[in-house]
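Structure first, commentary second.
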Amino acid sequence: MQRWQYLIVMGLCWVGTLPLEAFGAGVYRRPVRVVRCVLPVAAVFLIWDAIAIAAGVWTYSPRYLTGWLLPFAIPVEELVFFLVIPLCGLLTYNAVEVLLHRFRPTRASSSSSERAL
């Protein structure tokens, strides 16, 4: 079970933020936006990881990994991390933005209420 731990944690992060999709226009309903936000960042960090692994600066405990490796000895769990965590961030950001917009008084209504005082 320990070898699945990293993927389980990533799955829990994703499942935990999945209900946030119910707010606003949603993240999954804008797949082009998701790809444009997540893939460039994931690519940069995968390259960074590949360099760090090759230099012996960065290692992973095989105890918590499935053993499936991508090119340049990058564990598949790292790819999942670089996809899931930004996606969770987008879901959270979108939900907060929608909630703030819903509950924040608009400028026009707040200035009219100030005039009434």
Side-chain angles (χ1 to χ4, degrees):
M1 183 66 151
Q2 282 187 330
R3 61 181 249 156
W4 296 97
Q5 195 166 356
Y6 198 123
L7 289 178
I8 290 169
V9 169
M10 290 300 100
L12 290 173
C13 288
W14 178 69
V15 169
T17 56
L18 194 57
L20 298 175
E21 177 65 10
F23 295 101
V27 171
Y28 294 119
R29 289 173 251 167
R30 298 186 213 167
V32 173
R33 177 183 176 208
V34 172
V35 169
R36 289 178 61 197
C37 289
V38 174
L39 288 188
V41 175
V44 167
F45 281 105
L46 285 170
I47 291 167
W48 180 315
D49 267 10
I51 293 168
I53 291 167
V57 174
W58 196 253
T59 61
Y60 300 92
S61 173
R63 181 179 186 182
Y64 303 108
L65 303 175
T66 60
W68 303 329
L69 296 178
L70 300 172
F72 306 104
I74 298 173
V76 73
E77 290 84 354
E78 262 312 81
L79 173 62
V80 172
F81 176 85
F82 291 134
L83 297 176
V84 168
I85 297 305
L87 186 57
C88 292
L90 282 174
L91 286 161
T92 303
Y93 180 83
N94 186 66
V96 169
E97 187 177 60
V98 168
L99 289 174
L100 286 176
H101 183 72
R102 283 184 190 167
F103 297 111
R104 182 183 296 157
T106 61
R107 262 200 130 118
S109 65
S110 65
S111 62
S112 64
S113 63
E114 288 173 4
R115 280 188 235 133
L117 296 174

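Excluded from the calculations below are hydrogen atoms, water molecules and symmetry mates; all remaining heavy atoms, backbone and side chain alike, are included.
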Side-chain atoms of residues 31-38: list all donor-acceptor pairs with protein atoms under 3.5 Å, sequence neighbours left out, distances to 0.1 Å.
none

- Message: With rounding to the nearest 0.5 angstrom, report the SG to CG distance, Cys88 to Leu83.
- Response: 11.0 Å
- Message: According to side-chain hydrogen bond (donor to acceptor under 3.5 Å, both in side chains), does anything in residues 72-88 pair up with another residue at least two apart or in another chain? List the pairs.
- Response: Tyr6-Glu78, Tyr60-Glu78, Thr66-Glu77
- If you group Ile, Leu, Val, Met, Phe, Trp and Tyr by side-chain heavy-atom gaps below 4.5 Å, do Leu39 and Ile47 land in one group? no
- Message: Rounded at 0.5 Å granularity, tell me how far CG in Leu69 sits from CG in Leu79.
- Response: 12.0 Å
- Message: I need the Glu21 CD to Leu90 CG distance, nearest 0.5 Å.
- Response: 10.5 Å
- Query: Do Phe82 and Trp58 sit in the same hydrophobic cluster, where Ile, Leu, Val, Met, Phe, Trp and Tyr count as joined when their side-chain heavy atoms come under 4.5 Å apart?
  - Reply: yes
- Partner residues of Leu18 under the side-chain contact (heavy atoms from CB on, under 4.5 Å) criterion, sequence neighbours left out: Trp14, Tyr28
- Query: Among the clusters formed by ILVMFWY side chains lying less than 4.5 Å apart, do Val44 and Ile51 turn up in the same one?
  - Reply: no
- Task: Identify the heavy atoms of Val84 and Met10 that sit nearest to each other, and give their distance.
- Result: CG1-O, 3.5 Å
- Message: Do Leu46 and Val57 land in one hydrophobic cluster if side-chain heavy atoms of ILVMFWY residues count as linked below 4.5 Å?
- Response: no
- Tyr93: partners by ring-ring contact (aromatic ring centres under 6.0 Å, His included), with sequence neighbours left out: none
- Query: Is Thr17 close to Thr92 at the side-chain level, that is, under 4.5 Å between some pair of heavy atoms?
  - Reply: yes
- Tell me, please, which residues at least two apart from Gln2 pass side-chain hydrogen bond (donor to acceptor under 3.5 Å, both in side chains). Arg63
- Query: What are the two closest non-hydrogen atoms of Ala50 and Phe72, and how far apart are they?
  - Reply: CB-CB, 3.8 Å
- Can you tell me how far the CG atom of Leu7 sits from the OH atom of Tyr64, to the nearest 0.5 Å? 14.5 Å
- Under 4.5 Å side-chain linkage, directly or through intermediates, the cluster mates of Leu100: Val96
- Message: I need the minimum non-hydrogen distance between Ile53 and Ala73, along with the two atoms involved.
- Response: CD1-O, 3.6 Å
- Task: Report whether Phe81 and Leu70 are members of the same hydrophobic cluster (ILVMFWY, side-chain heavy atoms less than 4.5 Å apart, transitive linking).
- Result: yes
- Item | Spacing of Arg30 atom CZ and Asn94 atom CG [to the nearest 0.5 Å] | 6.0 Å
